[in-house]
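Input: a single structure, listed below in structure tokens.
So you know, we letter chains A, B, ... as the sequences are listed, proteins then strands, and number each from 1.
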Amino acid sequence: MARERFDHQEIEKAQQARWQELDLYRADLADTDRDPYYLLFEFPYPSGDLHIGHWYAFALTDIFARMLRMQGKNVLFPMGFDSFGLPAENAAIKYGKDPAAWTNANMETMRAQVRSMGTSVDWSKEVVTSSPEYYKWTQWLFTKLYDHGLAYRKNAPVKWCPKDQTVLANEQVNDGKCERCGTEVEEKNLTQWFMGITKYADRLITDLDPLPWREDIKDAQRAWIGKSEGARIPFRLVFGNEEKDAWRDEDGNPSQVSVFTTRPDTIFGATYLVLAPEHPWVRAAWDTPHDDAVLNKDEVRAYVEAAQKKTERERQENKEKTGVRLEGISAINPATQEEIPVYVADYVLASYGTGAVMAVPAHDERDFEFAKKMNLSVRRVIDPITGSKQENPEDKEKIVAIVEHEGKVLTIHWRPELGGRLTVGGTAEEGEDPAYTAMREIAEETGYTDLELVERAQEQVHHEYFAHSKNKAWVAHTTLLHFRLKSEACEEPKLEEDEKGKFEVEWVPFADAIRDVKDPLHSYALARFLTPGAYGGDGLLRNSGEFSGRDNREAIDDIIAFVGGEKVTNYRLRDWLVSRQRYWGCPIPVVYDPEGNPHVIPAEHLPWLLPTDVDFTPSGKSPLATSRELQERVTRIFGEGWTPEYDTLDTFVDSSWYFLRYLDPKDEHDFSDQSVMKRWLPVNRYSGGSEHTTMHLLYSRFFVKALYDLALVPVAEPFVERFNRGLILGPDGAKMSKSKGNVINPDSVVKELGADAVRMYLAFIGPYNEPGTYPWNLDGATAMRKFLDRIYALKEKVIEGEAAPAEAKALAQATAKVSEDIERFKYNTAISALMVLVRDLEKQEQVSKEAYGELLRLLAPLAPHLADHLWQGLGNEGSVHQASWPSREVPEDDGMTIVVQVNGKKRGEVVLPKTASEEDVIAAARGLQFVREALTIGAISKAVYVPGRILSLVIG
RNA sequence: GCUGGAGUGGCGAAAUGGUAUACGCGCCUGCCUUAGGAGCAGGUCCCUUCGGGGGUGGAGGUUCGAGUCCUCUCUCCAGCACCA
């Protein structure tokens, strides 16, 4: 006989209707009796249908919401729609549908679907970003930010599709191509609106520290902001070897360009200057009155124009360095007073720092590459330090040599304890040329005599080490030499007596040598000559005038002062471009007077409605520019000659404050209620996808900080906790996509197995508090349904009465585990604890009503429909979701089981009363067979007793 | 390349420094059945002379005791990526 399956469709329908009737999930924001808990998940874009990812996002957050409510918290668990965005507009262009109607229809569908999951969403708090009631306040907040200089206009490049004749939003560009037609996208300069998020860059980093977020989320934010501390340093320009007075800036200062560098300590090694193609000085090269200074201005101009045609992406794709020298112009290195060449190259970004860099090829990889290509000089100004720091080391002069021959390196291979594989070298003799010393020692140790010196390193390596044989610390000032074998001429090595037989001479291929030579000094020498590049590390300054010999980090401030620079901090983060040349977005609440000056629209005219008489056909302008109504509205309100702003806001603006509106969604007089915000902010926990770790989370944090500074919100950080969920993959382990045909349709699985089974399967698939990836497995979902069937079947065993002692113990353990795991979003182990409990109860002939009821309460957050149905079946009034969360102490047990280990291995266990002392435990352990056997070999030399858990004996 | 995170059965995964592989899938055996895509019972890391021995990517280390902590190393994933 097949076990009876419950009718999930009927139960779901009935329970969902009942919940709505009882209005179970409405949060009373004014209630002060219970603790408030604001549980937030990212609101969706109303794309039209719900996929399994939506279930994972909503239904699993709902589990926690339900437990909190049963635990007596006043839970706010709202939802809404991020309903402005491109798909609606694309539908308008493609099928001629009204974006508003299209969006509304989708939201209607999705509301029903979200209800079908059995979520406990409080729909009375719903916000819809595309509704005028909402975007009125998006606009109002924009005007507040504008008043305080945080929203402003400037000229900026935008993506432009030459075929469609339209501006594209960044997210419409895939791999540098237009999403719609695949044409290469160009960049165009337009005047755009920005938000001054960089003003908050530092606070956005420092305020991260106390937040209890996962370190990877914080790190992603820090990396996105990209703070770097360095200096701005002016370089004087010289023309035809003579300073040209005509070249002074507006303030009358002599011609100079400033560079930003994080390594001012390397400035003595700056052997040329590089300007970004967009740098104002480059433009000046062909503008009068400077047009005679650059001798090759046609060449420069051609390079700059070519660079500008390339998109940023193209520049980045082609990592091969290119550039042109500005002939006739030089710069003076302010540290060395040397004249150095000036280049234009697109590896320098105009938008970062000052758009100009001092190039230090010896210590910067990119500069090194460029210098190699252009044949520019490389000057080392840092001597590396290898080994480990020693106390008062004694000085020593050493030489390390690389001898190469036909792709191999000459090595001497000592026994590992004597140093392992090393390159050749020796100790320098007083007054002798190191190259000569090296050749002599190489001959003595290896017999090779016919060497030619290829390169002598500019730098010396300071190698600090402790010589155990002499019990003394040394610092070896090491000269590095690079030899090549001219011929294989070889004599008998002349070894010291104590060296004989202790090492072997071997020729080793480059790659093997680099891998096998572990000694840091020799390893540096190999890398230095065999794979030359920039040295980015620290050390002692050399070739640096009065600073030579000092620690590079320690000397930074003095060097900055010496060259007349100033310390500055730069950020990778740029100001947030919020203009979108799109229709379906929040209209930017700005109008322009006849002179073209912007004015924000006064509050009494908000919401500034999105016009409906627009032409969606891409024409190179924002669709709003085609609206007659909009223009007439502006003329009517502001007067003749005034014009509207045609751009709309990035949808990330809409979503940067929606969690504030949830607290007061219907307010017509304010964006949110101050007293409610005081009680309910910050959000206790925010659950979302890792794709929003950087932009959305950062924008929201910026918004709240800005509004905090304007005294509009009471907190400076919006979210106490942040959890990133993982991703559900297709059954094949690949990301679900229509083209792969591995998309799981939740509706059909729900129809087959029920909403509760799908919720629980998703909860069981892996930890919800980690952004992992989990493949969908229908067998697992089916198994979850069977588990629910078993719980259903268990009702036949229920008898009146209280929990028996065995039940009480099992319930107590399950309650502790389930409570803790749901709290930490570790639903998978919470369910496994329930499975253990159910198995225990199934073994019994009968199950007490108390025990079964408690099981149902533990199940209620996970399987809300079935749990409520069965709960009512027990004769309970109301809903299980109104019941209190079980609490049960694990009953005191008078016995305890102590694991006994002998010499680190588990051998057995002893059962003793709880009151047993360490001596009792050891005595009992001595009676065990295996302990007695061990004791015949030796005595107990050590005993470690962890009370109530384990006894570890060391015998022998 | 840089920065994070992670490597545990055939698979998803458990394990405050204290009995490694809980829970589930899959698989195997048996029962029940006309049947099984149902149900029930048992088994399922490897080796074994049945006493045990080995085992959490690899090599070391700390510890009475290491999946967990430390050092080195390999691999995978994610984010950033010419940011000076």
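- Only the P atoms considered, B/U71 is 15 Å distant from B/U62, to the nearest whole Å.
- Using modelled atom types and a 3.5 Å distance limit, the side chains of A/D202 and A/Y571 yield a donor-acceptor pair.
- As rounded to the nearest Å, B/C77 and B/G57 have C1' atoms that lie 15 Å from one another.
- Closest to the A/V944 side chain, of the nucleotides B/C80, B/G18, B/A22, is B/G18.
- Cation-pi geometry between A/K795 and A/Y792 is met: under 6.0 angstrom from the ring centre, within 45 degrees of the axis.
- For A/S952, taking side-chain heavy atoms from C-beta onward, the closest of the listed nucleotides B/C64, B/A84, B/C25 is B/C64.
- In the model, A/S228 has no side-chain atom that pairs as donor or acceptor with a side-chain atom of A/N570 under 3.5 Å.
- Nucleotides B/G7 and B/A20 are separated by 16 Å at their C1' atoms, to the nearest Å.
- Comparing B/A38, B/A84, B/C25 by their closest approach to the side chain of A/D364 singles out B/A84.
- Here, B/U21 and B/G9 have their C1' atoms 7 Å apart, quoted to the whole Å.
- Distance check on atom C1': B/A14 versus B/G24 gives 11 Å, rounded to whole Å.
- For the P atom pair drawn from B/C69 and B/A6, the interatomic distance equals 9 Å after rounding to whole Å.
- If you check B/C27 for Watson-Crick or wobble pairing at under 3.5 angstrom, you find it paired to B/G43.
- The side chain of A/M835 lies closest to B/C23, out of B/C23, B/A14, B/A84.
- Nucleic acid contact for A/A223: none, since no nucleic acid atom lies under 4.0 Å from a heavy atom of the residue.
- Checking B/C80 for Watson-Crick or G-U wobble geometry (two distances, each under 3.5 Å) identifies B/G1 as its partner.
- If you check B/G18, B/A84, B/C23 against the side chain of A/V946, the one that comes closest is B/G18.
- You won't find any donor-acceptor pair under 3.5 Å spanning the side chain of A/R949 and the base of B/U19, going by distance alone.
- The side-chain heavy atoms of A/V517 and A/Y524, taken from C-beta on, include no pair separated by under 4.5 Å.
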Run the salt bridge (charged side-chain N to carboxylate O under 4.0 Å, His left out) check on A/K826 and A/E770 step by step: do they pass?
CA-CA 9 Å; A/K826 291 168 81 172; A/E770 286 172 26; over 6 Å; no
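- A donor and an acceptor atom sit less than 3.5 Å apart, one in the side chain of A/Q901 and one in the base of B/G18.
- B/A13 and B/C23 have their C1' atoms separated by 8 Å, with the value rounded to a whole Å.
- Of the C1' atoms belonging to B/G53 and B/U68, the separation is 24 Å, rounded to the nearest Å.
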